[in-house]
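Start at 1 and go down the list; that is how both ligands and their atoms are numbered.
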Amino acid sequence: MKKIIVAIDGFSSCGKSTMAKELALEAGYIYVDSGAMYRAVSLFCIQNGWMTDTEINIPALEKHIESIHIEFKTNAEGKSETWLNGKNVEDEIRSLEVANGASRVSTLGFVRRELVRQQQLMGIMKGIVMDGRDIGTVVFPTAELKIFLTASPEIRAKRRLDEMAAKGEKADYQKVLDNVKERDDRDQNRSESPLRKADDAIVIDNSNLSRDEQRKILRTLFSEKTLV
Ligand code: DC
């Protein structure tokens, strides 16, 4: 079977990582969460005292950007975890503070160039599923299979609220919805590699799809590209 690159882009809280992880597991491919890499850079800034609510120490980050080593390692349960400079940071990078910082560092051109370089190296042997915002447009413009995943902001806000409820966290629907829309706006309107659908990407709107229906669609698309 032919080994390919699968690029999955789309808005936040669309279920990109769930989709990407499942496909990678089924196909025996490497899974890379590119968002985790921006989160790791954000954490690195916080750890070094380079990020306040309003500012980032850009000269310091730029000087040290090449000393940021990000790896993905599979834990005993088979889950991929993010490591930063030799330390497991998987839990730390999921905090709201780190997420907000990630959204800010991801607008910096030199950060994007370095992470894109590392991401392209990870895909050199193919057999990889990567999810993010610019995978089909910038990181792997020649990926054999490109998916652009979307769902209505209202559905995504509801899903995020359910996820938070499952963790025992309470939140207000309107606030979560406003946050979803804010992030969409920032992702689509930043000057560096804004989120957009690659011309040859296949759009999947999963607003009204079950996980099973979505899985079947992806499986069919993947087979079409690999069984040739
Ligand atoms: O998918 P996520 O929420 O973990 O992403 C964290 C941040 O990084 C988010 O603000 C979008 C940004 N990002 C990006 O600019 N490019 C990518 N390829 C992946 C994520």
Residue and atom name of the nearest protein heavy atom (relative to [atom]), distance in Å to one decimal:
{"atom": "atom 9 (C) of ligand 1", "value": "Arg133 NH2, 3.8 Å"}
{"atom": "atom 19 (C) of ligand 1", "value": "Ser34 OG, 3.3 Å"}
{"atom": "atom 5 (O) of ligand 1", "value": "Gly35 CA, 3.6 Å"}
{"atom": "atom 7 (C) of ligand 1", "value": "Ala102 CB, 3.9 Å"}

Is [X] in polar range of ligand 1, meaning some N or O pair under 3.5 Å apart?
{"X": "Arg94", "result": "no"}
{"X": "Arg112", "result": "yes"}
{"X": "Asp134", "result": "yes"}
{"X": "Arg190", "result": "yes"}
{"X": "Tyr38", "result": "no"}

Interatomic distance, Leu61 atom CG to Ile68 atom CD1 [nearest 0.5 angstrom] |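 The CG atom of Leu61 sits 5.5 Å away from the CD1 atom of Ile68.
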Do Asp200 and Lys225 meet the salt-bridge criterion of a basic N to acidic O distance under 4.0 Å?
-> no
Short N-O contact, Glu114 and Arg117, less than 4.0 angstrom | yes
Could you name the option among Glu192, Arg39, Arg104 that has the heavy atom nearest to atom 3 (O) of ligand 1?
->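 Answer by nearest heavy atom: Arg39.
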Residue pair Ser207 / Asp205, side-chain donor-acceptor N/O under 3.5 Å = yes
Kindly indicate whether the side chain of Ile128, heavy atoms from C-beta on, has any atom under 4.5 Å from the side chain of Met122.
->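 The answer is yes, as the side chains (C-beta and beyond) meet within the 4.5 Å cut-off.
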Given side chains that start at C-beta, do those of Arg156 and Cys14 come closer than 4.5 Å, heavy atoms only?
-> yes
Take Glu90 and Arg94 through the salt bridge (charged side-chain N to carboxylate O under 4.0 Å, His left out) test and state the conclusion after the steps.
-> CA-CA 7 Å; Glu90 185 57 34; Arg94 302 296 160 193; 3.0 Å; yes
Under 4.0 angstrom from ligand 1, any heavy atom of Arg183?
->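 It does; at least one heavy atom falls under 4.0 Å.
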Which ligand 1 atoms are under 4.0 Å away from a heavy-atom of Ser106?
-> 12 (C), 15 (O)
Only pairs at least two apart or in different chains count here, so list each ring pair (Phe, Tyr, Trp, His ring centres under 6.0 Å) that has a residue in residues 84-135.
-> none
For salt bridge (charged side-chain N to carboxylate O under 4.0 Å, His left out), just list the numbers for Lys181 and Asp184, CA-CA rounded to whole Å, side-chain angles, deciding distance to a tenth of an Å, and then say yes or no.
-> CA-CA 5 Å; Lys181 289 183 177 169; Asp184 287 358; over 6 Å; no
For ligand 1, does Lys16 get within less than 4.0 Å through its side chain, its backbone, both, or neither, judged by non-hydrogen atoms?
->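 Lys16 to ligand 1: no contact under 4.0 Å from either part.
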